Amino acid sequence: MTHNGEETAAARRPQIQEVTELRLPPDGPRPQDHRGDRSTPPGEHAPGGPHGSTTPPGLPQDVGTPPGADAPDLPHDRSQAILEAAKQIGALLKRAGHPFALAGSVAVYAHGGSRYLQHDADFCVLPGDADAVAATLREAGLPVRTPPEDWLLKTTCQGQNVDIIFALAHEPVTRDMLERAHVLPVDSVLMPVLCPTDLIRSLISAFSEHYCDFGAVLPVARAVREKVDWDVIRDTCGDQPMPAAFLFLLERLDVIAPREQRT
């Protein structure tokens with residue numbers, strides 16, 4: 001029995017060695033990738049592949065196609081989306097002949113300020129034109145909403161909010177204000193834009209005990225300071241506590257000169 005057992009073990013040993021060398025070759029080729037034949041072009045179905053494709057999730061099926069080549073409607077960044085909405089609304093109001101002026105952060109951008117737009121697009125219209133402007137927007141297929149505030153209408157364009165304003169800082173938009181507007185290109189579309197003095201005045205006059213975000217208006221004042229008539233700002237809203245405090249801050253930061261140093 002022992003002799004037969006030794007003989008049997010000896011007979012088996014070469015087979016075990018052969019299998020071991022087959023599975024773990026020291027210098028031979030490594031086992032084939034479990035994902036299938038590497039010669040299969042990316043994006044095509046690999047024969048017998050468990051998922052039907054060798055393209056990793058999240059990548060285009062044809063990796064040779066430049067990104068966006070087959071997707072012309074890729075979403076814009078937020079700032080560009082707001083600009084697109086402003087351009088469409090501005091063009092619509094121009095064609096309808098409504099007097100208006102661009103306001104808000106897009107107006108600051110048109111005057112040379114930052115392109116970083118965070119909120120919405122704002123347009124000023126005459127109070128008496130509010131209903132006609134709303135009808136024009138509805139005819140173009142845009143929704144018009146009447147919020148609780150009685151000084152603006154709201155619409156949505158290109159997925160962005162747009163405010164149609166007929167009172168700025170609790171004062172009605174006037175024809176003189178619209179006539180002072182500058183016609184400027186807004187991302188290649190010409191339209192009237194609030195003049196810098198009216199723009200800054202509307203922002204500063206809105207300061208109150210309940211809303212006093214100097215940090216948001218400070219970069220705007222820096223961007224357009226050379227275009228603003230600061231004497232007009234002081235005469236029209238400089239006697240109010242919060243606007244006066246902001247003007248003092250601008251002086252201390254050397255954004256504007258104190259009034260007595262002006263010539």
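In this text, all values refer to a predicted model and were calculated from it rather than measured experimentally.
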- Ile164 vs Leu137 side-chain heavy atoms within contact, under 4.5 Å: yes
Looking only at heavy atoms, the pair that brings Met191 and Gly90 closest together is CE-CA, 4.0 Å
message: For a 4.5 angstrom cut-off between non-hydrogen side-chain atoms, does Phe100 reach Leu178?
response: no
With side-chain contact (heavy atoms from CB on, under 4.5 Å) as the test, would you mind laying out the steps for Thr156 and Arg145 before giving the verdict? CA-CA 9 Å; Thr156 303; Arg145 303 181 299 278; 3.1 Å; yes
**Prompt:** Can you find a heavy atom in the side chain of Pro196 that is under 4.5 Å from one in the side chain of His182?
**Reply:** yes
| Should we say atom CZ of Phe214 is surrounded by more than 12 heavy atoms from elsewhere, each under 6.0 Å from it? | yes
Looking at Ser79, is its backbone amide N or carbonyl O close enough to the side chain of Asp77 to form a donor-acceptor pair, meaning the two atoms are under 3.5 Å apart? yes
**Prompt:** Can Glu139 and Arg95 be said to form a salt bridge (charged side-chain N to carboxylate O under 4.0 Å, His left out), step by step?
**Reply:** CA-CA 13 Å; Glu139 289 173 2; Arg95 286 195 298 268; over 6 Å; no
Closest non-hydrogen atoms of Asp198 and Leu194, given as atom of the first, atom of the second and distance, are CB-CD2, 4.4 Å
(message) For Arg175, is there an ion pair with Asp129 - N to carboxylate O distance below 4.0 angstrom?
(response) no
Tightest non-hydrogen contact, residues Gln88 and Cys157, listed as CD-SG, 3.5 Å
*asked:* Test side-chain contact (heavy atoms from CB on, under 4.5 Å) on Leu218 and Leu253; report intermediate values, then the result.
replied: CA-CA 10 Å; Leu218 179 58; Leu253 294 176; 3.9 Å; yes
Closest heavy-atom pair, Lys87 versus Val186, reported as atoms and distance to 0.1 Å, is CG-O, 3.5 Å
If only atom types and distance count, is the side chain of Trp151 paired as donor or acceptor with the main-chain N or O of Ala169 below 3.5 Å? no
- prompt: Would a 4.5 Å heavy-atom cut-off, applied to side chains only, mark Ile256 and Val228 as touching?
  reply: no
- prompt: Side-chain contact, heavy-atom cut-off 4.5 Å: Arg225 with Trp230?
  reply: yes
Inset, instruction - Mark yes or no for whether Ser202, through its side chain, and Leu199, through its backbone, hold a donor-acceptor pair below 3.5 Å. - result: yes
Of all heavy-atom pairs linking Lys94 and Leu190, the shortest is NZ-O, 2.7 Å
Between Thr197 and Ile233, the two heavy atoms sitting closest are O-CD1, 3.4 Å
Exactly one of Leu249, Leu203, Val108, Leu250 clears side chain to side chain contact (heavy atoms under 4.5 Å, CB included) with Val217, and that residue is Leu203
Check your understanding: So, do Phe166 and Leu126 sit near enough that their side-chain heavy atoms are less than 4.5 Å apart?
Key -> no
